Amino acid sequence: MTTRRMILARGLASGLTSLLPLRAFAQNTTLAVERFALWPGAAPGSPTPAVADQWVKRSPTGAADDIAWPHVATPMLTVVRPAKPNGAAVLICPGGGYARVAVGRTGGGIARDFAARGITAFELLYRLPHDGWAAGPDAPLQDAQRAMRVIRAGAGTRWTVDPARVAVTGFSAGGHLAARLASRSGTPSYTPIDAADRLSAKPVIAGLFFPVVTMLDDGVHVQSRRELLGPHAADPAWQRRYSTQLDLPADMPPSFVMANADDSAVPARNSILLYEALHAAKIPTELMVFEEGGHGPPAPHRDGTPIPWMDLFLAWSRDHGWPA
C-alpha cells in the first residue's frame with residue numbers, strides 16, 4: 001500500500017529545497033527573489049571539453065520549477081528576501097547524491113520558510129565532480145566557501161544581513177557539503193580572485209538534515225561516494241579524507257543533526273557517527289532521530305500532528321546565538 005510517508009520519501013530521495021509544503025510557503029509566494037552567478041567569470045578549473053548547464057524535471061507531472069541539475073557550469077545563488085529582515089542569513093545546500101543538484105530557480109519551500117521568519121535565505125546551485133572540474137571532489141566546497149564570502153561581502157549593502165550571523169544548512173548530500181564547509185572553512189580550496197575572498201567562509205551554526213556523512217563502508221551512501229570520489233571511490237585514503245566525521249577542528253561551529261530511523265536511502269548511522277564525533281570533540285551539538293519519515297522530514301504523528309523539526313532546529317540555534 002502506498003502511504004503518505006512513502007510518497008514523501010520518494011520525492012525527497014534526491015533533494016529537498018524545492019518541494020516542501022512548509023507552513024509559510026503558501027503564504028509567501030510574493031517574496032522578493034534574486035538569482036545570480038557565484039563567480040565573476042568562469043568557475044575555477046573549467047573542464048575540457050566544457051560542461052554546459054543542464055536541468056531536468058524531477059517528475060513529468062511536477063511543478064515547473066521542480067527541477068534538478070545533472071550538470072552545472074554556472075554555480076548560482078538564489079536569494080529569498082524577507083519582507084522584514086532580522087539581519088540573520090542562511091546558506092542552503094540542497095541534495096542530489098552528488099549526481100545532480102535538486103534545486104529550482106525561484107526559491108524553494110525551505111528558503112521561503114526561513115524568509116517568513118525574517119532570515120535571508122541563499123540557495124546554492126553547486127558544481128558536481130563528475131563534470132571533470134580540476135578540483136574534483138573539492139569543486140562543491142569551492143562553491144560553498146565562495147558563497148559564504150559573497151554573502152558577507154554584500155552584507156549591509158546588497159542585503160540586510162549581519163556578516164556575523166550567517167549559518168549553513170544542508171540536506172542529504174547537501175548535508176555532507178555543509179558539514180565540509182563548517183569543518184574546512186579555514187582551509188583554502190581555491191585561489192582568491194577578489195576582495196570578497198578575503199572574508200571568512202565559516203558559518204556560525206550548521207544545520208545538517210538526514211545528511212550524507214561518511215565515505216567509509218560503515219553507513220555509506222554508495223551513490224554519493226561513487227559520484228563524489230569517482231575513480232578514487234575504493235581508495236581508503238580518499239574515503240577517510242572526505243568522511244566529515246573525521247578530523248573535526250576545535251573551532252567547528254555548533255552543529256544540529258537530524259535523521260529518521262527508517263531512512264532507507266542515507267542510513268541514520270551517518271548522523272550518529274557525526275554526532276558522536278562532534279560530542280567527542282566537545283563541539284556543541286544536538287542529535288534528533290525520529291522514528292519515521294524516510295529520507296526527508298519526520299513524518300507527522302499518527303493523529304496528523306506535524307513534528308516541528310524546523311522550530312526545533314531554530315530553538316536550539318538560538319541557544320547558541322543564531323539567528324538572534
Side-chain angles (χ1 to χ4, degrees), residues 4 6-39 43 51-83 85 89-128 131 140 143-144 147 150-151 158-159 168-175 177-178 207 209-210 227 265 294-297 309-310:
R4 181 185 178 279
M6 293 169 62
I7 293 169
L8 185 61
R10 291 170 187 165
L12 293 169
S14 62
L16 185 70
T17 61
S18 44
L19 75 158
L20 273 186
L22 295 178
R23 63 174 177 80
F25 182 48
Q27 300 172 7
N28 289 279
T29 57
T30 60
L31 290 169
V33 177
E34 175 189 3
R35 188 168 184 262
F36 61 91
L38 187 59
W39 302 88
V51 63
D53 291 307
Q54 180 186 348
W55 59 267
V56 296
K57 291 196 68 173
R58 296 176 63 201
S59 168
T61 59
D65 202 41
D66 184 11
I67 61 175
W69 304 75
H71 302 286
V72 178
T74 311
M76 305 285 289
L77 277 177
T78 300
V79 189
V80 182
R81 299 170 181 258
V90 61
L91 176 65
I92 301 170
C93 301
Y98 285 119
R100 57 185 191 168
V101 185
V103 64
R105 295 160 294 192
T106 59
I110 287 176
R112 291 176 180 273
D113 189 70
F114 276 122
R117 301 166 189 261
I119 301 166
T120 304
F122 297 78
E123 289 182 337
L124 177 62
L125 173 63
Y126 53 87
R127 289 170 292 151
L128 297 164
D131 282 329
D143 292 339
V150 167
I151 293 168
R158 191 170 181 178
W159 307 291
V168 69
T169 57
F171 301 83
S172 191
L177 177 56
F209 301 92
F210 38 97
E227 293 289 341
H295 193 54
W309 60 280
M310 181 67 79

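Keep in mind that this is a model prediction, so the values were computed, not measured.
Between the side chain of R105 and the backbone N or O of D65 there is no donor-acceptor pair closer than 3.5 Å.
The side chain to side chain contact (heavy atoms under 4.5 Å, CB included) search around S59 returns T61, not counting sequence neighbours. For Y126, there are no ring pair (Phe, Tyr, Trp, His ring centres under 6.0 Å) partners at least two apart in sequence or on another chain. Remark: V51 pairs with P47, H71, A73, D131, W133 by the side chain to side chain contact (heavy atoms under 4.5 Å, CB included) rule, at least two apart or across chains. For W39, the side-chain hydrogen bond (donor to acceptor under 3.5 Å, both in side chains) partners at least two apart in sequence or on another chain are D143. Applying the salt bridge (charged side-chain N to carboxylate O under 4.0 Å, His left out) test to R35 and every residue at least two apart in sequence or in another chain returns nothing. Judged as a side chain to side chain contact (heavy atoms under 4.5 Å, CB included), and not counting sequence neighbours, the contacts of A37 are T74, M76.
Taking the side chain as every heavy atom from C-beta outward, V150 and F122 never approach each other to under 4.5 Å. Within the 4.5 Å cutoff, the side chain of L77 has heavy atoms near those of the L91 side chain. Looking only at side-chain heavy atoms (C-beta outward), R112 and V33 come within less than 4.5 Å of each other.
Put simply, the residue from L177, T78, V103, I92 that forms a side-chain contact (heavy atoms from CB on, under 4.5 Å) with L124 is L177.
Here salt bridge (Lys or Arg N to Asp or Glu O under 4.0 Å) pairs that include residues 69-82, with residues two or more places apart or in two chains, are E34-R81. Counting only residues at least two apart or in different chains, ring-ring contact (aromatic ring centres under 6.0 Å, His included) contacts with residues 97-120 comprise Y98-H176.
Aromatic ring pairs are classed by plane angle as parallel below 30°, tilted from 30° to 60° and perpendicular above 60°; the pair F209 and W309 is perpendicular. Between W159 and F36, the ring-plane angle classifies as parallel under the 30° and 60° cut-offs.
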